[in-house]
Amino acid sequence: MLKKDVIRLLEEIAVYMELNLENTFKVSAYRKAAQSLENDERSLEEIGDVGKLKGIGKGTTSVIEEFVNTGQSQVLEDLKETVPTGLVRMLKIPSLGPKKIAKIHDVLGIKTIEALKEACLNQEISQLPGFGKKSEANILTNIDTVLSRPDRYPIDKILKFIDLVEKSIKAFGVKRYDIAGSSRRVKETSRDLDFILETDDISGFTEFMIGQAYVTNVVSQGEKKLSLEIEDDFDKINVDFRFVQGEEYISTLQHFTGSKDHNVKMRQLAKERGEKISEYGVTTESGIKTFKSEEEFYQYFGLDYIPPAMRETGQEVDIDIKDIVKLSDIKGDLHMHTTYSDGAATIREMVESAREKGYEYIVITDHSKSLFVANGLSEARLLQQIKEIKEIDKEYDDIDVYAGIEMDILADGSLDYDEEILKQLDYVIAAIHSSFSQSENQIMTRLKNAMDNPYVRHIAHPTGRLIGVRDGYDVDMEALFDYAKETGTILEINANPRRLDLSSEVIKNREVMFTVNTDAHHPDHFDFMKYGLATLQKGFINKSQVLNTLSRQAFKEFINKGKLSDIHE
DNA sequence: GCCGTTTTCGGCCCGACTGTTTTCAGTCG
């Protein structure tokens, strides 16, 4: 029995209870219990007595124990007796919540989305008390939305939507604006977009936005907010704009950045002090307090600044976060490509761009010879590149430019260059780019072979996943981390928003060194670093656990000492 | 269902918008 099975059980019970119209606080008690398990890093076995966890009392303990012992839950079985499974799917339909669904079910006996659609077409829904023509029409279009649109979009797609909307905001001209919500928190996927913005002309802005060609529907509009459905490349998503004036800006930004759980936690904290947090500020005895920055907001509650990426479960409010790595800690990028292989810029252009970023060192790591599709480097071309890098490095006294490679780990586990070549490089990355469908055993053999090699410093994008596109190859995570630790091999957080690999989920509480790199194929890609940083922050990784936070001098020593040197010194 | 330096009952974050009804419930974030 795994912890995640128990978490799923509790969440499932919560959903069924919700549809059974049980007390909403009872429902959220089950959700909180699930969250509590989720937030605990230990396995079920290590936790032992779940009743000791905050948020898990007598009731949920007995539910959990029954489930662990028998694999079943009477509570859930009983709920399923009274609540048809089809109603759970209906919850996904916007504008329909548990109360309305229960009414539709109780009065009309409707159990599925399909039957609901039929009832709308037959105008049965509008006959129900509390429903009308508009509700019926909305349900009908919202059903189509649910059936035709993915639940969430991967961050890469989200960034394209954001780009689209930002162009309009800038074209209209507003005093200031920010992206908020889950995309500001750099979640791997998002359901919708949230902007907050300040303008003197709300009605003008509203009119302007509704007129944009990519707007397909106006969900709601008011004095304080505007909600639109937009379309890009046949994909649709909802965008919420929240209007804010002057001093309230920071509180509104903080509020709409979320997460919900983070806000609940902060509000509890405020409540304990006799204060109240809302999107308008903090209500104190002496009136409403507003803030000049989010730093000031968190400081007011005696907390270090919590970066948006970390604002997820509420746990981040309780722990000491001052050593967690920050973007400003990053002193170099160790994985990038140039025109030698499949990059868009020359070595020099990449160096210039890195200098603008303020980096103290970079490693040029083009693809190795077997990756033909990416114009991988033959031994001769690599030697020529090393020579060129060394020459360019000499020209700059404010940055160190190292010669590296992103070397393929071939399907049979062998590496793409032999020792004669590898020893001439400053830094070697190994990565899998082929035969993704191999068994976990074969994949692990390949990864271990690479980690055994004394020249291989780090493993790039260790799972090969592309968020929302492909899962990557089968990696035994425990074995990967164990072997990385044993061999002194560093694991990469690939900051490309299509990858974010390793993910924040798997890096928590690991005793290995990480490095966060953009894998830039263009100078603009250096900007991806913030997404990798967000991943590290979500994983609660400290600065001392990230290789490229080393100073220029310390990194040089690391390069000279070789793979197994202790970089903590 | 859970929790407790306002503890064993009474709260549990808080506000905007829609649609329906006519003062507010339901949904959403």
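Residue numbers begin at 1 in each chain, while the letters A, B, ... track the order of the sequences.
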If the [atom1] atom of [N] is compared with that of [M], how far apart are they to the nearest Å?
N	M	atom1	result
B/dG15	B/dC9	P	30 Å
B/dC17	B/dC13	P	22 Å
B/dA25	B/dT21	C1'	10 Å
B/dG4	B/dT8	P	13 Å
B/dT20	B/dG26	P	14 Å
B/dC12	B/dT7	C1'	15 Å
B/dT6	B/dG1	P	27 Å

Looking at every strand, decide which applies to [X] at a 4.0 Å heavy-atom threshold: base, sugar-phosphate, or nothing.
X	result
A/Leu269	nothing
A/Lys32	nothing
A/Lys133	sugar-phosphate
A/Glu22	nothing

Whole angstrom is fine here: how far is it from [atom1] in [X] over to [atom2] in [N]?
X	N	atom1	atom2	result
A/Lys276	B/dG15	NZ	C1'	10 Å
A/Gln268	B/dG11	CD	P	17 Å
A/Arg185	B/dG29	CZ	P	12 Å
A/Lys103	B/dG19	NZ	C1'	13 Å
A/Leu91	B/dG29	CG	P	12 Å
A/Glu272	B/dG11	CD	C1'	14 Å
A/Tyr16	B/dG1	OH	P	19 Å
A/Arg311	B/dC13	CZ	P	20 Å

Within the structure, does a side-chain N or O atom of [X] lie under 4.0 Å from either OP1 or OP2 of [N]?
X	N	result
A/Ser28	B/dC12	no
A/Lys260	B/dC28	no
A/Asn138	B/dG19	yes
A/Tyr280	B/dC13	no
A/Thr60	B/dC2	yes

Given that both distances must come in under 3.5 Å, which nucleotide forms a Watson-Crick or G-U wobble pair with B/dG1?
B/dC12

Nearest listed nucleotide, side chain of [X], among [options]:
X	options	value
A/Arg267	B/dC14, B/dC28, B/dC17	B/dC14
A/Lys224	B/dA16, B/dC14, B/dT27	B/dA16
A/Ser135	B/dG1, B/dG4, B/dT20	B/dT20
A/Lys26	B/dC28, B/dG1, B/dC13	B/dG1
A/Ala29	B/dA16, B/dC2, B/dC14	B/dC2
A/Lys134	B/dC17, B/dG19, B/dC12	B/dG19
A/Lys100	B/dG19, B/dG29, B/dT27	B/dT27
A/Ser278	B/dA16, B/dG4, B/dG15	B/dG15
A/Lys54	B/dC3, B/dA16, B/dT27	B/dC3
A/Asn23	B/dT20, B/dG4, B/dG1	B/dG1

Report the glycosidic orientation of B/dT7: syn if within 90° of 0, anti in every other case.
syn

Would you call A/Met310 and A/Phe540 a side-chain contact if the rule is heavy atoms closer than 4.5 Å?
yes

Is any side-chain heavy atom of A/Thr199 less than 4.5 Å from a side-chain heavy atom of A/Ile202?
yes

Of A/Tyr298, A/Phe301, A/Tyr280, A/Tyr300, which meets ring pair (Phe, Tyr, Trp, His ring centres under 6.0 Å) against A/Phe291?
A/Tyr300

Please identify which of these residues, A/Tyr214, A/Tyr153, A/Phe195, meets the ring pair (Phe, Tyr, Trp, His ring centres under 6.0 Å) condition with A/Phe161.
A/Tyr153

Can you tell me how far apart CG (A/Asp323) and CG (A/Asn542) are? Round to the nearest 0.5 Å.
5.0 Å

How long is the span from the CD atom in A/Gln254 to the CZ atom in A/Phe297, to the nearest 0.5 Å?
4.0 Å

Got a sec, which residues hit salt bridge (Lys or Arg N to Asp or Glu O under 4.0 Å) with A/Arg465, two or more places apart in sequence or on another chain?
A/Glu188

Mind checking salt bridge (Lys or Arg N to Asp or Glu O under 4.0 Å) for A/Glu316 and listing every partner two or more places apart, or none if nothing turns up?
none

Taking the six-membered ring of A/Phe243, is NZ or CZ of A/Lys225 closer than 6.0 Å to its centre and within 45° of its axis?
no

Between residues 115-130 of chain A and DNA chain B, which residues have a heavy-atom gap below 4.0 Å?
A/Gly130

Taking for each residue the nucleotide of DNA chain B with the nearest heavy atom, is it A/Leu53 or A/Ser95 whose nucleotide lies nearer the 5' end?
A/Leu53

Taking for A/Phe256 and for A/Tyr30 the nucleotide of DNA chain B with the nearest heavy atom, the one nearer the 5' end belongs to A/Tyr30

Parallel, tilted or perpendicular: which describes the rings of A/Phe208 and A/Phe172, with under 30° parallel and over 60° perpendicular?
tilted

Heavy atoms from other residues, nucleotides or ligands near NZ of A/Lys508 exceed 12 (cutoff 6.0 Å):
yes

